[in-house]
Asks: 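Have a look at the structure that comes next, please.
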Amino acid sequence: DAGVIQSPRHEVTEMGQEVTLRCKPISGHDYLFWYRQTMMRGLELLIYFNNNVPIDDSGMPEDRFSAKMPNASFSTLKIQPSEPRDSAVYFCASSPTGTSGDDTQYFGPGTRLTVL
Amino acid sequence: GDSVTQMEGPVTLSEEAFLTINCTYTATGYPSLFWYVQYPGEGLQLLLKATKADDKGSNKGFEATYRKETTSFHLEKGSVQVSDSAVYFCALSDKGLNKFYFGSGTKLNVKP
């Protein structure tokens, strides 16, 4: 299996621009998670989905952030407009859970976002 | 609520030294426990896991035992290598909510 795929790996943008991060989970996994990692705040859960439905978005910092999962093989995290404080590494993870009972999360390589 | 506390770093050791990274947890149910490792510029990789009390997870010479009585899951390795230098995260899975709770991470530096 190719693992969790994220794109782009690096993104540099200017304040006020729209940013879209993409994730392809491992095939057959029921859960998808978006995290943000910074030196100051560590690893934060932003939102997670079960079978394409958002379950908990309480970690989304503000209305500038939105996430979608239109099908089982694709999810996006959008920031509009972006601000310098959004600079971080964003990780996507997926988990089989469901009928398998395996609750391990498998992480993608991350997208390093820099907002100037 | 559920939470994980792990020892602060950085931890600096010489090659072949014994490693312990402490991790304790608070949970209302019976979580699964995990150790993840993050190398520079990479995502988190599963190192080992344990799904119930007294289980021992092991991988690449690392071990951790799920201790319900002390609510701990300490990571150990008998002889570290320079290549083990990384950040280590302890985590628990709330099986009911399917959410993870991560510790703050412990950076390990191994010197030759």
Side-chain angles (χ1 to χ4, degrees), chain A residues 1-7 9-10 21 23-26 29-51 53-59 88-112 114, chain B residues 1-10 21 23 25 27-53 55 57-59 62 64 66 73 86-107:
Chain A
D1 200 317
V4 176
I5 299 172
Q6 292 187 246
S7 65
R9 292 294 310 275
H10 301 273
L21 312 181
C23 174
K24 176 179 170 56
I26 294 172
H29 282 195
D30 295 333
Y31 284 81
L32 183 139
F33 304 81
W34 281 102
Y35 291 88
R36 178 173 68 176
Q37 185 178 42
T38 61
M39 289 293 292
M40 291 296 295
R41 301 173 72 92
L43 198 60
E44 303 173 277
L45 176 64
L46 301 177
I47 184 171
Y48 73 100
F49 297 81
N50 178 25
N51 292 322
V53 176
I55 301 301
D56 183 351
D57 65 354
S58 60
V89 181
Y90 291 80
F91 290 105
C92 177
S94 68
S95 176
T97 320
T99 55
S100 75
D102 178 5
D103 51 357
T104 304
Q105 290 190 16
Y106 298 86
F107 281 74
T111 295
R112 181 173 296 276
T114 303
Chain B
D2 294 2
S3 66
V4 173
T5 303
Q6 63 182 103
M7 62 188 289
E8 290 193 18
I21 300 178
C23 171
Y25 68 91
T28 53
Y30 301 93
S32 298
L33 299 174
F34 302 80
W35 278 101
Y36 282 81
V37 59
Q38 185 178 31
Y39 299 101
E42 298 185 11
L44 278 70
Q45 301 175 24
L46 176 66
L47 181 59
L48 54 84
K49 64 183 280 191
T51 58
K52 60 183 187 297
D55 270 3
S58 61
N59 186 24
F62 291 90
Y66 190 145
F73 193 55
V87 180
Y88 293 81
F89 291 90
C90 185
L92 72 82
S93 170
D94 180 325
K95 294 175 183 176
L97 296 176
N98 288 105
K99 284 177 67 171
F100 266 36
Y101 296 86
F102 282 92
S104 56
T106 302
K107 185 172 184 179

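So you know, we letter chains A, B, ... as the sequences are listed, proteins then strands, and number each from 1.
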Asks: With a 4.5 angstrom heavy-atom cut-off, could you sort out which part of B:Phe89 is near chain A: side chain, backbone, both or neither?
Replies: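 B:Phe89 touches chain A through side-chain heavy atoms alone.
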
Asks: Using every non-hydrogen atom in the two residues, find where A:Ser94 and A:Val4 come nearest and quote the distance to one decimal.
Replies: OG-CG2, 3.5 Å

Asks: Roughly how far, to the nearest 0.5 Å, is the OG1 atom of B:Thr106 from the CD atom of B:Gln6?
Replies: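 So the CD of B:Gln6 and the OG1 of B:Thr106 are separated by 4.0 Å.
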
Asks: Determine, step by step, whether B:Gln38 and A:Phe107 satisfy the side-chain contact (heavy atoms from CB on, under 4.5 Å) criterion, reporting the C-alpha distance in whole Å, the side-chain angles of both residues, the deciding distance to 0.1 Å, and the verdict.
Replies: CA-CA 10 Å; B:Gln38 185 178 31; A:Phe107 281 74; over 6 Å; no

Asks: Side chain, backbone, both or neither: which part of A:Asn50 has a heavy atom under 4.5 Å from chain B?
Replies: neither

Asks: Between A:Tyr48 and B:Phe100, is any pair of side-chain heavy atoms under 4.5 Å apart?
Replies: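 No, too far: nothing below the 4.5 Å cut-off.
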
Asks: Against chain A, label B:Gln45 side chain, backbone, both or neither, depending on which of its atoms sit under 4.5 Å from a heavy atom there.
Replies: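 Nothing of B:Gln45, per the 4.5 Å heavy-atom cut-off to chain A.
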
Asks: What's the verdict on side-chain contact (heavy atoms from CB on, under 4.5 Å) for A:Phe91 and A:Gln6, showing C-alpha distance, side-chain angles and the deciding distance?
Replies: CA-CA 8 Å; A:Phe91 290 105; A:Gln6 292 187 246; 4.2 Å; yes

Asks: So which heavy atom on B:Ala50 is nearest to which on B:Asp55, and how close?
Replies: CB-CB, 3.8 Å

Asks: How many angstroms lie between atom OG1 of A:Thr111 and atom CZ of A:Arg9, to the nearest 0.5 angstrom?
Replies: 7.5 Å

Asks: Are any non-hydrogen side-chain atoms of B:Leu92 and B:Phe73 less than 4.5 angstrom apart?
Replies: no

Asks: What residues of residues 29-37 of chain B make heavy-atom contacts with chain A at a cutoff under 4.5 angstrom?
Replies: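 So the qualifying residues are B:Ser32, B:Phe34, B:Tyr36.
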
Asks: What is the minimum heavy-atom distance between A:Ala93 and A:Gln105, and which atoms define it?
Replies: CB-OE1, 4.0 Å

Asks: At a heavy-atom separation under 4.5 Å, does B:Leu44 approach chain A through its side chain, its backbone, both, or neither?
Replies: both

Asks: Supply the atom-to-atom distance B:Lys49 NZ to A:Thr104 OG1, rounded to the nearest 0.5 angstrom.
Replies: 3.0 Å

Asks: Using only non-hydrogen atoms and a strict under-4.5 angstrom cutoff, which residues of residues 32-42 of chain A touch chain B?
Replies: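 Hits under 4.5 Å: A:Phe33, A:Tyr35, A:Gln37.
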
Asks: A:Phe49 and A:Pro54: which non-hydrogen atoms are nearest, and at how many Å?
Replies: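 In this case the closest contact between A:Phe49 and A:Pro54 is CD2-N, 3.4 Å.
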
